[in-house]
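Shown next, in structure tokens, is the structure this report addresses.
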Amino acid sequence: MVQSETAARRAPTPPPARTVSIVPAAAVLGIAVLTLGVFGLLNAFASSSTTSTTAPTIYGGLALGRTTAFAPWTRSGALPADVASALLVPAGARALGAVTTGGGGAGQFDREDRFVVAAPRARLLGFYRSNLIARGWAVISTSGTATGSAEVLFQKAGSDGVYWEAGVTASAATPTSATYTFRLFQVSDFS
């Protein structure tokens with residue numbers, strides 16, 4: 001019996017029982033739910049009011065003009081609105097007529113028109129560069145010479161899931177006027 005008494009004394013005793021509180025965890029959860037609720041409510045009120053967007057105004061450049069040259073392009077319904085945002089002309093531009101394009105293939109959009117404007121070639125290209133960039137188009141290529149023609153090529157992923165490219169090729173007719181071709185087409189692939 002002495003031996004079992006000694007063994008019992010040597011055996012470690014368990015620590016006293018404590019109760020674990022979930023109050024700190026519940027407080028964190030409560031704060032998270034309250035924060036999500038507050039921001040959700042703010043978002044619901046902010047989303048309920050509609051805001052209209054306007055075309056950007058580019059100061060120091062050519063003014064935005066009107067033309068009916070692109071009307072046949074938009075009638076077909078092939079252009080999503082964000083891509084149709086590229087159909088711009090500077091004020092005073094006159095259509096010289098449509099140019100036959102190679103056509104990108106069955107069902108692909110590929111059109112171009114020719115215009116003349118009373119502005120130097122550099123200002124014309126600056127007009128397209130600043131206006132299309134402001135509308136979400138990215139410049140992917142520029143080329144040209146001082147005396148020949150110059151080109152700026154833009155690209156945008158349309159809301160229809162297709163990449164689109166817009167190109168402006170301009171030549172200086174005189175120091176104060178330029179003729180140019182505006183082309184818009186779907187990109188079939190990047191291979």
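Just so you know, residue 1 is the first one in the sequence shown, and it goes up from there.
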Donor-acceptor pairs under 3.5 Å, side chain of residues 83-94 to any protein atom, not counting sequence neighbours: which ones?
| residue | atom | partner | partner atom | Å |
| --- | --- | --- | --- | --- |
| Ser85 | OG | Asp82 | O | 2.6 |
| Ser85 | OG | Trp137 | NE1 | 3.4 |

Decide whether Glu165 and Gln155 meet the rule of one side-chain donor and one side-chain acceptor closer than 3.5 Å. yes
In chain order, what residues pass the side-chain contact (heavy atoms from CB on, under 4.5 Å) check against [X], with sequence neighbours excluded?
{"X": "Ala95", "result": "Ala69, Phe115"}
{"X": "Ser171", "result": "Ser149, Thr179"}
{"X": "Pro72", "result": "Arg75"}
{"X": "Thr142", "result": "Arg129, Val139, Val152"}

Using links of under 4.5 Å between side-chain heavy atoms of ILVMFWY residues, direct or through other members, which residues join [X] in one cluster?
{"X": "Ile22", "result": "none"}
{"X": "Val33", "result": "Leu29"}
{"X": "Ile140", "result": "Leu153"}
{"X": "Val116", "result": "Leu96"}

Listed partners of Ser177 passing side-chain hydrogen bond (donor to acceptor under 3.5 Å, both in side chains), at least two apart: Thr174
Is the positively charged end of Arg183 above the ring of Phe185, judged by distance under 6.0 angstrom from the centroid and angle within 45° of the axis? yes
Got a sec, which pairs hit side chain to side chain donor-acceptor pair (under 3.5 Å) with one end in residues 25-35, sequence neighbours left out?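 Non-adjacent pairs meeting side chain to side chain donor-acceptor pair (under 3.5 Å): zero.
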Ring pair (Phe, Tyr, Trp, His ring centres under 6.0 Å) against Trp164, all qualifying residues, sequence neighbours excluded: Phe109
Step through it carefully: locate the ring centre of Phe154, locate the ring centre of Tyr128, and say whether they are under 6.0 Å apart.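 That pair fails the under 6.0 Å test.
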